[in-house]
Amino acid sequence: QVQLVESGGGLVQPGGSLRLSCAASGFTFRISAMGWYRQAPGKQRELVAEISRYARTNYADSVKGRFTISRDNAKNTVYLQMNSLKPEDTAVYYCNAKGSYWGQGTQVTVSS
């Protein structure tokens, strides 16, 4: 079955960086679109970044220039490099596969 396991979340000060990882299994990763979403308390889940099987990327306006999504097909892993973090980036971050499958989420807290 499909499994998505996120890691890399934590507490970071404003202006800091984190790299999230999502290890995937149970499907053909290299031909699958992957994405990162986030959900802050009291808000709807929103798209942060996505990457196609051809490594074309798309970002939410709020993270453009600060976040970078990438994939390593040899490791069946998708990454989200987050730089210049802001308190408003605080949320649970979820990995998504093929628009249908979700990981369990990893908490990112940006606070001084």
Side-chain angles (χ1 to χ4, degrees):
Q1 70 277 20
V2 173
Q3 283 194 320
L4 302 170
V5 181
E6 299 104 332
S7 60
L11 173 64
V12 63
Q13 292 187 341
S17 298
L18 283 175
R19 189 175 81 152
L20 306 183
S21 300
C22 172
S25 61
F27 63 100
T28 308
F29 179 84
R30 61 180 174 80
I31 62 169
S32 300
M34 301 294 296
W36 286 97
Y37 288 70
R38 67 187 180 187
Q39 188 166 19
K43 294 188 176 181
Q44 288 190 332
R45 192 173 296 189
E46 63 176 0
L47 174 69
V48 176
E50 57 189 350
I51 184 166
S52 75
R53 59 181 290 187
Y54 304 109
R56 294 193 190 107
T57 58
N58 179 52
Y59 297 91
D61 287 343
S62 59
V63 307
K64 281 181 181 175
R66 301 188 297 123
F67 290 12
T68 303
I69 189 171
S70 62
R71 64 191 299 158
D72 185 336
N73 290 339
K75 295 183 178 180
N76 283 8
T77 299
V78 62
Y79 303 97
L80 185 68
Q81 178 67 45
M82 306 185 293
N83 298 328
S84 302
L85 282 160
K86 304 175 181 179
E88 51 263 43
D89 295 317
T90 295
V92 178
Y93 284 70
Y94 296 92
C95 179
N96 177 275
K98 308 195 318 179
S100 298
Y101 303 100
W102 297 94
Q104 82 286 353
T106 186
Q107 176 71 45
V108 171
T109 302
V110 184
S111 175
S112 54

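We number each residue from 1, following the sequence as shown. Computed from heavy atoms alone, side chains included, the values below leave out hydrogens, waters and symmetry copies.
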Would you check if [X] and [Y] make a side-chain contact, meaning some heavy-atom pair closer than 4.5 Å?
X: Trp36; Y: Val63; result: no
X: Leu4; Y: Met34; result: yes
X: Leu20; Y: Val108; result: yes
X: Leu80; Y: Val48; result: yes
X: Tyr79; Y: Ile69; result: no
X: Pro14; Y: Pro87; result: yes
X: Arg71; Y: Phe29; result: yes

Under 3.5 Å, side chain of [X] to main-chain N/O of [Y], donor-acceptor pair present?
X: Thr106; Y: Ser7; answer: no
X: Thr77; Y: Lys75; answer: yes
X: Ser17; Y: Asn83; answer: no
X: Thr28; Y: Arg30; answer: no

How long is the gap from [atom1] on [X] to [atom2] on [Y], to the nearest 0.5 Å?
X: Gln104; Y: Gln3; atom1: CD; atom2: CD; value: 10.0 Å
X: Arg53; Y: Ile31; atom1: CZ; atom2: CD1; value: 5.5 Å
X: Ile51; Y: Ser32; atom1: CD1; atom2: OG; value: 12.0 Å

Worksheet item: Does the ring center of Tyr37 lie less than 6.0 Å from the ring center of Trp102?
Response: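 Close enough - the centres of the two rings lie under 6.0 Å apart.
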Worksheet item: Which atoms form the tightest heavy-atom contact between Tyr94 and Gly103, and what is the distance?
Response: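 Residues Tyr94 and Gly103, closest heavy atoms: CD2-O, 3.6 Å.
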Fill in: Least distance between heavy atoms, Lys64 atom then Asp61 atom
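Heavy atoms of Lys64 and Asp61 come nearest at NZ-OD1, 3.1 Å.
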Fill in: Residue Tyr59 excluded, over 12 heavy atoms near OH under 6.0 Å
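It does: Tyr59 OH has more than 12 such atoms within range.
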Worksheet item: Taking everything shown except Gln44 itself, do over 12 heavy atoms lie less than 6.0 Å from its CD?
Response: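 It does not: Gln44 CD has 12 such atoms or fewer within range.
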Worksheet entry | NZ/NE/NH1/NH2 to OD/OE distance under 4.0 Å, Asp89 and Lys86 |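 The answer is no: the pair does not qualify as a salt bridge.
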Worksheet item: After noting the C-alpha distance and the side-chain angles of Leu85 and Thr90, does the key distance pass the side chain to side chain contact (heavy atoms under 4.5 Å, CB included) rule?
Response: CA-CA 9 Å; Leu85 282 160; Thr90 295; over 6 Å; no
Worksheet item: Would a hydrophobic clustering, with Ile, Leu, Val, Met, Phe, Trp and Tyr connected at side-chain separations under 4.5 Å, put Val2 with Val78?
Response: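 Shared cluster, yes.
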Practice prompt. Carefully, step by step, assess Phe67 and Gln81 under the rule side chain to side chain contact (heavy atoms under 4.5 Å, CB included).
Written response: CA-CA 5 Å; Phe67 290 12; Gln81 178 67 45; over 6 Å; no
Worksheet item: Among Gln39, Arg38, Glu6, Gln107, which residue meets the side chain to side chain donor-acceptor pair (under 3.5 Å) test with Tyr93?
Response: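 The passing option is Arg38.
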